*Asks:* 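Below you will find the structure I want to go over with you.
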Amino acid sequence: MALFKRRTVGKPGEWFYCLEHKKVEEGPECPAKNRFGPYGTRAEAERAMETARERNLEWENDPKWHDGGQGAGGGSAS
């Protein structure tokens with residue numbers, strides 16, 4: 001018997017997107033490692049993968065993350 005068994009039960013009205021089953025869940029049904037959320041609405045959870053793609057694209061195109069090792073703090077040890 002597990003001493004500290006974690007429950008996956010969430011609050012009513014919380015929505016998640018399960019990455020393993022590719023479906024929306026009200027309250028977490030799957031482990032945290034397999035889901036995005038919580039979202040306030042079912043519609044937001046349904047857009048989870050699209051939202052993630054948009055955020056990844058923003059991050060990939062953010063000049064602060066692509067300084068090429070130059071600029072402040074980008075010096076090299078000679």
Side-chain angles (χ1 to χ4, degrees):
M1 181 167 99
L3 187 58
F4 296 102
K5 185 174 181 182
R6 296 193 110 163
R7 297 179 48 155
T8 57
V9 177
K11 299 174 189 169
E14 285 185 330
W15 294 90
F16 296 84
Y17 182 81
C18 176
L19 299 166
E20 182 177 341
H21 300 108
K22 313 245 185 301
K23 68 176 186 132
V24 173
E25 308 171 339
E26 184 174 11
E29 295 174 17
C30 294
K33 68 179 184 175
N34 295 335
R35 67 179 190 255
F36 285 158
Y39 296 96
T41 66
R42 180 179 187 87
E44 288 178 285
E46 289 171 347
R47 281 192 82 242
M49 294 305 294
E50 185 178 340
T51 301
R53 275 190 292 277
E54 290 169 359
R55 290 180 180 166
N56 285 343
L57 190 58
E58 287 175 21
W59 179 81
E60 289 168 2
N61 293 315
D62 187 335
K64 292 183 284 188
W65 294 104
H66 295 285
D67 63 4
Q70 301 169 359
S76 63
S78 302

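Residues: numbered from 1 along the sequence shown. Note that these values count all heavy atoms, side chains included, but never hydrogens, waters or copies made by symmetry. All values reported here derive from a predicted model rather than from experimental measurement.
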*Asks:* Nearest 0.5 Å please: distance from the NZ atom of K22 over to the OH atom of Y17.
*Replies:*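 Separation between the atoms: 6.0 Å.
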
*Asks:* So, using side-chain contact (heavy atoms from CB on, under 4.5 Å) as the criterion, who are the partners of E50 when residues are at least two apart?
*Replies:*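 If we apply the side-chain contact (heavy atoms from CB on, under 4.5 Å) test to E50, skipping adjacent residues, the hits are R47, R53, E54.
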
*Asks:* Hydrophobic clusters here meaning ILVMFWY residues chained together by side-chain heavy-atom distances under 4.5 Å, can you tell me if Y39 and M49 are in one?
*Replies:*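 Y39 and M49: one cluster.
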
*Asks:* Check G40 against W15 and note the closest heavy-atom contact, atom names and distance.
*Replies:*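 Heavy atoms only, the tightest pair is O-CD1, 3.9 Å.
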
*Asks:* Rounded to the nearest 0.5 Å, what separation is found between the SG atom of C30 and the CD atom of E20?
*Replies:* 6.0 Å

*Asks:* So which of R42, R35, E44 actually passes side-chain contact (heavy atoms from CB on, under 4.5 Å) with V24?
*Replies:*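 Of R42, R35, E44, side-chain contact (heavy atoms from CB on, under 4.5 Å) with V24 is met by R42 alone.
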
*Asks:* Tell me, please, which residues at least two apart from E26 pass salt bridge (Lys or Arg N to Asp or Glu O under 4.0 Å).
*Replies:*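 Scan of E26 (salt bridge (Lys or Arg N to Asp or Glu O under 4.0 Å), adjacent residues dropped) gives none.
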
*Asks:* Hydrophobic cluster mates of L57, side-chain heavy atoms under 4.5 angstrom, ILVMFWY only, any path?
*Replies:*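 Besides L57, the hydrophobic cluster comprises nothing; the residue is isolated.
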
